[in-house]
Amino acid sequence: MPLTLHNTLTRRTEEFIPLNPGEVKIYTCGPTIYGYAHIGNFRAYIFEDLLRRYLKYKGFKVTQVMNITDVDDKTIRDSQKAGVPLSDYTAEYKRAFFSDRDALNIEPAEYYPAATGHIPEMLALIEKLRDKGFTYQSEGSIYFRISSFPEYGRLSGMSFESLKTGARIDADEYEKEEARDFVLWKARRPEDGDVFWDSQFGQGRPGWHLECSAMSMKYLGETFDIHCGGEDNIFPHHENEIAQSQAATGKKFVHYWLHCGYLLVEGRKMAKSMGNFYTLKDLMDKGYDPLAVRYTLLSTHYRQQLNFTFDSLEASAAALKRLQDFITALASVKKTGECHQIENLIAKARSEFEASLDDDLNIAPALGAIFTMVKEANRLIADGEMTIAGAVKILQFLKSIDTVLGALDFSQPESDAEIEELIYLRNEARSNKNWNEADRIRDKLTEIGILLEDTADGTRWKKVK
RNA sequence: GGCGGCAUAGCCAAGUGGUAAGGCAGAGGUCUGCAAAACCUUUAUUCACCGGUUCGAGUCCGGUCGCCGCCUCCA
């Protein structure tokens with residue numbers, strides 16, 4: 001079945017057809033590293049990770065670029081507040097971002113270009129725009145004249161008029177011809193301190209929108225397949241990217257624009273002032289497993305608003321535990337021979353899993369199919385019908401779908417002589433009906449995080465997270 | 001004011017006009033020395049509200065109420 005994706009540009013769910021067969025080029029708007037990323041940011045990155053992983057699952061070769069915004073108003077402001085050079089200041093948040101990414105099992109993109117590393121590319125783009133007459137200069141800054149780009153507003157559905165009348169008071173004091181115009185190159189100002197670059201346009205620094213156009217075209221070409229971001233990026237950021245890029249090249253910039261919905265916390269917008277603002281570290285400090293956070297952020301359809309609650313986080317942890325316990329149970333099946341029902345069970349789950357994800361990454365029914373299979377397989381285990389061969393097939397299937405989910409752990413606990421010895425002693429005690437001694441040993445193991453399960457095939461143990 | 005989205009059980013969340021997936025939590029039971037895990041049974045006569053179309057609507061149309069996002073540098 002073909003993969004379909006909802007394209008913000010057309011407001012339709014369309015079959016995904018890459019420019020080059022078998023290859024997908026994706027640009028994903030990344031973090032501004034002026035602070036620790038919060039779970040709302042990671043909702044977007046996890047959605048993009050799901051897209052990336054599923055494309056790979058479907059056999060596409062994926063090239064993904066995620067920009068790192070390491071110079072803008074906020075990074076400058078906060079680094080000065082902290083009294084450290086900009087690059088030192090952003091280095092810590094960049095490190096934290098990658099560390100959180102790894103903890104959330106988000107696959108690394110192929111490229112993480114930083115804005116400060118691409119000033120020449122941005123200047124070249126401005127030159128191109130200037131030569132084609134799309135820019136004007138005012139008080140040392142270069143602006144993009146939106147009235148010169150008639151298609152402006154197509155992505156966001158913003159009309160020319162509403163932009164004029166609805167515009168807020170401009171937050172910065174740069175002079176523009178019209179409020180909706182946006183800055184390409186910001187003239188150096190005293191409050192920028194030592195953060196500026198020399199250029200043919202004078203000393204200054206790039207505007208935010210510019211980096212995404214310059215860096216995406218550098219790494220992916222003037223036209224590429226998919227561009228993602230949060231829905232709040234649709235306007236003005238992505239609208240401006242389209243204007244800049246298409247004005248410069250005369251070509252279509254991006255074929256599919258994908259945007260994920262906002263994350264709410266306990267039904268409200270996440271905000272520091274509301275006390276419901278969480279970074280990954282905040283949740284880990286509360287004892288939550290980052291993979292449970294991943295599962296929570298992953299398990300709601302990406303275009304839906306996601307209501308993050310601690311109840312749902314705990315439900316996610318429990319759901320993952322159910323899957324992990326299932327994996328453990330499969331690994332300890334001892335019966336030999338064939339288990340003929342397994343093939344059908346897997347085929348059904350796989351086809352539902354794929355059909356759902358093919359439908360604009362509809363993850364909820366995909367997960368539903370997995371849990372339905374788990375229940376049926378658990379029944380086979382409980383009835384003593386599961387065989388080693390069947391268990392191996394299911395494990396292979398789970399590994400294959402986990403290349404998409406990225407939430408499971410297939411590592412088997414290493415055998416531990418001390419634990420095995422204690423289990424042996426406990427089972428000795430049990431066979432002598434010395435329950436006090438048996439329970440004493442079990443409690444001792446529980447204290448060091450080892451949980452025992454007595455099954456028909458003997459006692460197995462697992463570590464508790 | 002303009003543009004867009006959402007309202008489904010205690011919580012999270014699917015649902016493509018044909019009679020409400022799945023997960024978590026809860027209740028009862030089976031297994032177990034007791035647990036753990038698992039299994040079985042059970043948990044929405046009902047999908048914000050009011051109308052309409054239809055043989056039939058959570059699903060389509062209109063309206064009302066509520067919540068959320070964007071409207072110049074927030075994923």
Side-chain angles (χ1 to χ4, degrees), chain A residues 11 28-32 37-48 69 72-74 146 153 156-159 161-163 165-172 176 179-183 186 207-209 228-237 239-240 259-264 267-269 295-296 299-301 303-323 325-326 328-329 352 356 359 362-372 374-375 378-383 430 433-435 438-439 442 446 451-456 459-462:
Chain A
R11 283 151 218 262
T28 48
C29 282
T32 301
H38 55 69
I39 55 174
N41 299 123
F42 282 115
R43 199 260 165 120
Y45 306 142
I46 283 175
F47 141 62
E48 289 151 2
T69 301
D72 80 323
D73 291 353
K74 284 173 297 198
I146 284 178
S156 57
M158 297 279 196
S159 73
E161 286 310 305
S162 70
L163 287 174
T165 55
R168 285 187 202 149
I169 308 288
D170 193 9
D172 61 38
K176 306 184 205 175
R180 59 204 172 137
D181 290 342
F182 59 92
V183 70
K186 287 184 154 184
W208 174 48
H209 310 297
C228 303
E231 62 180 344
D232 50 333
N233 274 162
I234 296 171
F235 188 89
H237 183 51
E239 201 73 75
N240 290 352
H259 294 97
C260 73
Y262 226 80
L263 175 131
L264 302 178
R268 314 185 129 240
K269 184 175 180 173
Y295 188 92
T296 305
S299 55
T300 296
H301 182 80
R303 283 192 289 118
Q304 290 294 320
Q305 226 166 41
L306 187 157
N307 186 19
F308 180 91
T309 66
F310 282 92
D311 282 349
S312 65
L313 183 54
E314 272 164 35
S316 295
L320 278 181
K321 180 175 170 294
R322 178 168 164 82
L323 295 175
D325 285 341
F326 177 59
T328 307
E352 278 183 41
S356 301
D359 178 18
N362 194 1
I363 185 111
L367 293 172
I370 304 306
F371 281 102
T372 302
V374 168
K375 172 157 276 195
N378 264 329
R379 186 158 39 214
L380 293 174
I381 295 173
D383 294 347
R430 287 174 71 214
K433 298 199 188 298
N434 185 353
W435 310 127
D439 290 349
R442 184 168 62 193
T446 304
L451 213 66
L452 299 187
E453 294 179 7
D454 298 324
T455 75
T459 301
R460 66 180 178 227
W461 60 274
K462 65 183 180 189

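By convention in this document, chain letters (A, B, ...) are assigned in the order of the sequence lines, proteins followed by strands, and residues within each chain are numbered from 1. Side chains included, hydrogens not; waters and symmetry mates left out as well; all remaining heavy atoms used. Everything numeric here is computed off the predicted structure, so don't read it as measured data.
Listed nucleotides: B:G15, B:C12, B:C71. Nearest to the side chain of A:Met158: B:C71. Of the candidate nucleotides B:A36, B:C11, B:A38, B:A38 has the atom lying nearest to any side-chain atom of A:Arg322. Here the nucleotide nearest the side chain of A:Gln305, chosen from B:G23, B:G69, B:A38, is B:G69. Side-chain proximity of A:Ala319 to B:A13, B:G23, B:A37: nearest is B:G23. Taking the side chain of A:Phe235 as heavy atoms from C-beta on, and the options B:A38, B:C71, B:C12, the nearest nucleotide is B:C71. In this structure, of B:C73, B:A13, B:G5, it is B:A13 that holds the atom nearest to the side chain of A:Thr300. Out of B:C73, B:G23, B:A21, the shortest distance to the side chain of A:Ala364 is found at B:A21. The side chain of A:Ala315 lies closest to B:G23 when the candidates are B:C68, B:G23, B:C73. Candidate nucleotides B:A14, B:C24, B:A13 were compared by shortest atom distance to the side chain of A:Ala318, and B:C24 ranks first. Here B:C39 is the nucleotide among B:A13, B:C39, B:C73 with the atom lying nearest to any side-chain atom of A:Lys375.
Between A:Leu263 and A:His38, every side-chain heavy-atom pair lies at or beyond the 4.5 Å cut-off. Proximity of A:Pro236 to A:His209: side-chain heavy atoms (C-beta onward) are separated by under 4.5 Å at one or more points.
Remark: P of B:G66 and CG of A:Asn307 are 20 Å apart, rounded to the nearest angstrom. A:Asn378 has its CG atom 11 Å from the P atom of B:G23, to the nearest Å. Taking atom CG of residue A:Leu367 and atom C1' of nucleotide B:G23, one finds them 9 Å apart after rounding to whole Å. For A:Ile370 and B:A13, the CD1 to C1' distance is 16 Å, given to the nearest whole Å. One interatomic measurement links the two molecules: CG of A:Leu380 to C1' of B:C40, which rounds to 15 Å at whole-angstrom precision. For the pair A:His301 NE2 and B:C12 C1', the interatomic distance rounds to 16 Å; values are reported in whole Å. In this structure, the CD atom of A:Glu453 is 9 Å from the C1' atom of B:A38, given to the nearest Å. Per the geometry, CG belonging to A:Asp311 stands 8 Å off P belonging to B:C12, to the nearest Å.
Base contact: A:Gly261 has a heavy atom under 4.0 Å from a base atom. Within 4.0 Å (heavy atoms only), A:Tyr45 reaches sugar-phosphate atoms of the nucleic acid but no base atom. When heavy atoms are screened at a 4.0 angstrom cut-off, A:Asp325 is found touching the sugar-phosphate backbone but no base atom. Using a 4.0 Å heavy-atom cutoff across all strands shown, A:His38 reaches at least one base atom of the nucleic acid. Nucleic acid contact for A:Phe371: sugar-phosphate only, since backbone atoms but no base atoms lie under 4.0 Å from a heavy atom of the residue. Heavy atoms of A:Glu48 sit nowhere under 4.0 angstrom from any nucleic acid atom. Within 4.0 Å of A:Gly40, counting heavy atoms only, lies at least one base atom of the nucleic acid.
Taking a cutoff of 4.0 Å between a charged side-chain nitrogen and a carboxylate oxygen, A:Arg322 and A:Asp325 do not qualify as a salt bridge.
Neither OP1 nor OP2 of B:G23 sits under 4.0 Å from any side-chain N or O of A:Lys321. Side-chain N/O atoms of A:Asn362 include one lying less than 4.0 angstrom from OP1 or OP2 on B:G15.
The side chain to side chain donor-acceptor pair (under 3.5 Å) check on A:Glu314 picks up A:Tyr288, with sequence neighbours excluded.
In terms of position along RNA chain B, the nucleotide closest to A:Leu264 lies nearer the 5' end than the nucleotide closest to the other residue of the pair A:Asp72 and A:Leu264. Judged by closest nucleotide on RNA chain B, A:Leu452 is the one of A:Leu452 and A:Phe182 placed further toward the 5' end.
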What are the atom names and distances for every N/O pair under 3.5 Å that joins the protein to nucleotides 30-34 of chain B?
from	atom 1	to	atom 2	distance (Å)
B:G33	O6	A:Arg426	NH2	3.4
B:G33	N1	A:Asp439	OD1	3.0
B:G33	N2	A:Asp439	OD1	3.4
B:G33	N2	A:Asp439	OD2	2.6
B:C34	O2	A:Arg442	NH2	2.5
B:C34	N3	A:Arg442	NH1	2.9
B:C34	N3	A:Arg442	NH2	3.3
B:C34	N4	A:Asp454	OD2	3.2

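Pairs of Watson-Crick or G-U wobble type, with distances under 3.5 Å, assemble into runs of 3 or more in RNA chain B at these ranges: B:1-6 with B:66-71, B:10-12 with B:22-24, B:26-30 with B:38-42, B:48-52 with B:60-64.
Nucleotides B:C50 and B:U8 have their P atoms positioned 16 Å apart, rounded to a whole Å.
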